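Only heavy atoms go into these numbers, but all of them, side chains included; no hydrogens, no water, no symmetry mates. For clarity, every value in this text was computed on a predicted model and none was experimentally measured.
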Amino acid sequence: MLSQAAPGDPVETRLQGGMQGQNAGMNEKQAGEEAYIAMSKKLGLDLPPFYFSITSQAMPKDLYNIYRKKERENLERLIDEYGNWSEIHPYYLSIKEFEKTLFKVERNDFTYENLKILKEGINNLLVSYEDVDVSHELSAMKEAINTVNTVQIDSVNSKQVNFFYGAPLAAFNTVESNYNAVKEKATPSKTKIPALKWIGTNNQYHVWLFGNAPWFKKSEDVSLKKGFIRGDFGESFLDGRPVSSIIKDALPITLGLNLIAVLISYTFSIFLGVYQSKRKDSTSDRIISIINFILYSLPSFWVATIFIVYFTTSEYGMDWFPTYGLFSNNLPEDAGFWETTKDLGAHIILPLICMVYGSFAYVSRQMRGSMLSVLRQDYIRTAVAKGLPDKTVTWKHAFRNSLIPIITMFAGFFPMMISGSVVLEVIFSIPGMGRVGFDAVMARNYPVLFTVLIFSAVLTMVGVLVADILYSVADPRISFTKKK
């Protein structure tokens with residue numbers, strides 16, 4: 001659904017530029033068309049997009065049968081302009097037929113240039129809908145097809161020959177007459193009348209979501225899809241690899257790194273916030289606040305670049321850490337646990353620092369403010385007046401009640417596990433979800449991109465659920481059970 005609205009042609013992306021150029025031979029051109037149609041069917045693009053469509057009376061129900069995306073979009077513009085699909089469809093078919101006849105014309109010194117003009121004209125007609133553009137192309141093609149060449153028979157005699165006479169000329173005349181019919185029999189009023197057309201369940205969205213494979217029986221037909229909700233996320237446009245396999249490899253890396261980063265940042269920030277709240281406006285409080293704000297203002301991509309330049313290269317004499325990836329290339333396959341852990345730790349320490357330092361100021365300031373608010377409450381003053389130890393007042397009576405804002409922020413860290421790792425995973429070449437999402441965007445690899453986005457949405461919901469549970473743990477007055 002979204003891939004159709006997004007720029008680019010998913011079929012051409014999947015075929016990795018395997019389509020044939022305009023100068024290809026008939027067999028190559030036909031093979032390219034067959035490959036395009038076969039891939040369209042494999043991707044499920046031979047079905048209507050959704051259960052129903054809200055269009056106009058002029059728009060046909062089966063326009064999705066035009067496989068090439070650019071040609072289909074151009075036909076939609078023609079329909080919006082003239083509103084007579086009954087004339088536009090023959091015009092489109094006549095262009096395709098004219099293209100076939102040209103491949104039967106022998107290419108030689110006399111026909112080469114004009115054949116090139118005619119094939120370029122056909123390609124332009126298939127993506128042109130403005131009358132001035134179409135008329136210009138038809139005029140240029142007419143001049144090329146009526147060209148008469150002088151062919152030398154021998155040293156004395158010569159004759160005038162039109163190599164495009166016969167089937168090509170008739171096919172071109174059909175194109176020209178069909179286009180004139182499109183303009184003369186236009187019914188633009190149909191484009192103003194809305195129409196609701198029911199398609200049924202045999203559509204792209206239904207197959208993408210629920211699949212077309214049996215639900216409770218194992219099918220040996222590999223072409224059948226199980227659907228997104230059954231874990232079939234489709235195939236990568238780049239290499240045909242199942243998206244579920246790509247996510248399976250990348251997700252543990254991103255989750256592992258971010259969980260470690262969140263654990264470190266929350267642990268230090270919470271203690272730091274409590275410490276500052278107990279020493280409000282003291283010299284140490286102000287120094288820590290200044291340092292935290294300086295760290296918060298440093299962009300992580302800049303710090304990461306600085307780290308790579310200074311601490312991973314020998315240029316400045318501080319080649320202490322590896323530059324890219326999670327493991328060294330020279331790490332033996334039979335390396336032991338501690339050797340593997342040591343190598344992994346050396347690779348992830350710099351990314352972890354970049355992930356952690358920025359949250360010190362944010363979380364600790366929230367914790368400081370929340371603790372200060374709680375410490376002003378009457379029950380805290382009462383606890384102090386009773387002579388309770390300072391640690392008891394702080395950690396037993398004040399700390400728990402000051403966690404509500406921290407829990408709210410914690411919910412937001414779940415989707416940030418993916419979105420917040422994009423830049424750092426790209427800089428450090430870490431094969432996690434952020435890197436996978438970035439590569440998918442750059443390559444317009446929509447099945448992978450959509451799956452990453454959906455995982456991000458799922459993590460958002462998980463974060464909200466975890467926050468709701470932690471609310472009730474931190475404050476027993478918060479209950480999600482039905483009141484009696």
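- Remark: the Tyr51 side chain and the His206 side chain contain an N/O donor-acceptor pair separated by less than 3.5 Å.
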* **side-chain hydrogen bond (donor to acceptor under 3.5 Å, both in side chains) evaluation trace for Ser244 with Asp232** => CA-CA 7 Å; Ser244 56; Asp232 183 0; over 6 Å; no
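- Distance CG/Leu45 to NZ/Lys69: 9.5 Å, rounded to 0.5 Å.
- Remark: the Glu81 side chain and the Tyr129 side chain contain no N/O donor-acceptor pair separated by less than 3.5 Å.
- In this structure the side chain of Pro431 never reaches within 4.5 angstrom of the side chain of Asp249, judged on heavy atoms.
- Remark: His89 NE2 to Leu63 CG distance equals 9.0 Å, nearest 0.5 Å.
- Look at Glu130 and Arg77 and you find no salt bridge, because none of the NZ, NE, NH1 or NH2 atoms lies under 4.0 Å from a carboxylate O.
- Side-chain contact of Ser364 with Asn292: a donor-acceptor pair under 3.5 Å is present, judged by distance alone.
- With values rounded to the nearest 0.5 angstrom, Leu78 atom CG is found 5.0 Å from Ile88 atom CD1.
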* Is there a salt bridge (Lys or Arg N to Asp or Glu O under 4.0 Å) between Asp285 and Arg368 once you walk through the steps? -> CA-CA 10 Å; Asp285 178 34; Arg368 178 182 179 275; 2.9 Å; yes
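- How far OG1 of Thr460 is from CG of Leu465: 12.5 Å, rounded to the nearest 0.5 Å.
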* Assess whether side chain to side chain contact (heavy atoms under 4.5 Å, CB included) is satisfied between Ile353 and Val303, documenting all intermediate values. => CA-CA 9 Å; Ile353 292 174; Val303 175; 5.7 Å; no
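- Of the inter-residue distances, the one linking Ile406 atom CD1 with Met371 atom CE reads 10.5 Å to the nearest 0.5 angstrom.
- Listed for the Asp133 side chain is no donor-acceptor partner under 3.5 Å among the backbone atoms of Ser128.
- The pair Glu12-Lys70 fails the salt-bridge criterion, with no side-chain N (NZ, NE, NH1 or NH2) lying under 4.0 Å from an Asp/Glu carboxylate O.
- Side-chain contact, Asn329 with Tyr324: no donor N or O sits under 3.5 Å from an acceptor N or O.
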* Let me see the working for Asn445 and Ser236 under side-chain hydrogen bond (donor to acceptor under 3.5 Å, both in side chains), right down to the final yes or no. => CA-CA 6 Å; Asn445 197 356; Ser236 168; 2.7 Å; yes
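- Surrounding CZ of Phe399 are more than 12 heavy atoms belonging to other residues, nucleotides or ligands, all under 6.0 Å away.
- Considering only heavy atoms from C-beta on, Phe268 stays 4.5 Å or farther from Leu272 through its side chain.
- Ion pair Arg68/Glu33 flagged as a salt bridge, since at least one NZ, NE, NH1 or NH2 atom sits closer than 4.0 Å to an Asp/Glu carboxylate oxygen.
- Both the sub-6.0 Å distance and the 45° axial angle are satisfied by Arg230 relative to the ring of Trp215.
- Using cut-offs of 30° and 60° on the angle between ring planes, the pair Phe327 and His347 is tilted.
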* Asked: Between Thr191 and Gln57, is a side chain to side chain contact (heavy atoms under 4.5 Å, CB included) present by the stated rule, with each step listed?
  -> CA-CA 6 Å; Thr191 63; Gln57 288 284 356; over 6 Å; no
* Yes or no on side-chain hydrogen bond (donor to acceptor under 3.5 Å, both in side chains) for Tyr471 and Thr408, after CA distance, side-chain angles and deciding distance? -> CA-CA 9 Å; Tyr471 283 148; Thr408 304; 2.5 Å; yes
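- With a 4.5 Å cut-off on side-chain heavy atoms, Asp80 and Met59 count as touching.
- Using a 4.5 Å cut-off on side-chain heavy atoms (C-beta onward), Ile306 and Val309 make no contact.
- Side chains of Asp343 and Ser328: a donor-acceptor N/O pair is present below 3.5 angstrom, by distance only.
- At distances below 3.5 Å, at least one donor-acceptor pair connects side-chain atoms of Asn401 with backbone N or O atoms of His397.
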* Check the pair Ser289 / Arg365 against side-chain hydrogen bond (donor to acceptor under 3.5 Å, both in side chains), numbers first and verdict last. => CA-CA 8 Å; Ser289 296; Arg365 292 297 293 181; 3.0 Å; yes
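- No side-chain heavy atom of Ile454 sits less than 4.5 Å from a side-chain heavy atom of Phe233.
- Annotation: the span from Phe210 atom CZ to Ile229 atom CD1 amounts to 5.0 Å, rounded to 0.5 Å.
- Using bins of under 30°, 30° to 60° and over 60° for the plane-to-plane angle, the ring pair Tyr446/Phe450 lands in the parallel bin.
- In this structure, the side chains of Ile427 and Cys354 stay at 4.5 Å or more apart for every pair of heavy atoms.
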